[in-house]
Amino acid sequence: MKIVLSVGGSLMNPGKPDVDFIKGLSALIVKLAPKYKFSILCGGGQPARDYASAVREFGGNEFAADEAAILMTRANAFLLAAALGERAYPRVFTDFGDAAAAETASKQIVVMGGTIPGFTTDADAALLAEKIGAKKLVNLSNISAIYSADPKKDPKARKFSAMTHSELVELANKYDQRKAGTNFVFDNVACKIIARSAIETHFVSGRDLKQVEAAITGAEHNGTVVKG
Ligand code: UTP
């Protein structure tokens, strides 16, 4: 079974690489690799933000800031591939076509970062799943589940254990209309892509590898499953 893992950059690199997190995650992937065909998309975390803002300080435009951020997502992908050793395809892909060709031709795990400016690694993960025909995506982030509102700000926020793709798209749209800085757990484009291809998507805390394992293996978990 093909599974795409989307690994939040803030887990991998909150300022410097979280070596223990990367080791733990790669050990879980190696343990489960005999049963699942993984492909992995890594986010940029703090270095992506730092590099983007440095480019802006030099007068660079948003395209250039994104280009710098993308390089940091690829640096994180390189680290996860390094931790996976020979299990990983020995190249960080920058293009979906090349990644998909390697995914088909090789038993090794394809690991990549961002692709083009203006995107996010959420959308990239959804597109990678679509391209390779994966029907399941597991999103690892700092957020343990999807809520009806920000649980830190709204005591009435309700956790969704399960929701449909159209409910997710609606919720993501609601967030998108608000001010910057109130980012939804999965971006709008990514939500629409998993919806149009009916990709079952699990949202779990990447800090709790038991939850990640449950989401991968189809066991119950404390996060959110989006399907139907
Ligand atoms: P993300 O914001 O997707 O990564 O990409 P992340 O670090 O996982 O996100 P959080 O903060 O943990 O939720 C980092 C930045 O890289 C650029 C964008 O500037 C984005 O904000 N990027 C990423 C692109 O321009 N294109 C891509 O395809 C991916």
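Order of appearance sets the numbers: ligands from 1, and atoms from 1 within every ligand. Sequence positions, counted from 1, serve as the residue numbers for this chain.
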Query raised in the report: What does the list of residues with a heavy atom under 4.0 Å from ligand 1 look like, ordered by chain and number?
Result: Gly8, Gly9, Ser10, Gly43, Gly44, Gly45, Ala48, Arg49, Asp66, Ala69, Ile70, Gly114, Thr115, Ile116, Pro117, Gly118, Phe119, Thr120, Thr121, Asp124
Query - Side-chain donor/acceptor of Arg74 to backbone N/O of Gly114, under 3.5 Å - result: yes
Query - Salt-bridge present (Arg196, Glu130; N to O < 4.0 Å) - result: yes
Report task. List, by chain and number, the other hydrophobic cluster members for Val19, where Ile, Leu, Val, Met, Phe, Trp and Tyr join if side-chain heavy atoms come within less than 4.5 Å, directly or indirectly. Result -> none
Query - Test side chain to side chain contact (heavy atoms under 4.5 Å, CB included) applied to Phe186 and Ile143, Leu171, Thr224, Ile194, the passing residue - result: Ile194
Query raised in the report: Are the side chain of Lys159 and the backbone N or O of Asn222 linked by a donor-acceptor pair below 3.5 Å?
Result: yes
Query raised in the report: Is there a donor-acceptor contact under 3.5 Å from the side chain of Glu167 to the main chain of Thr164?
Result: yes
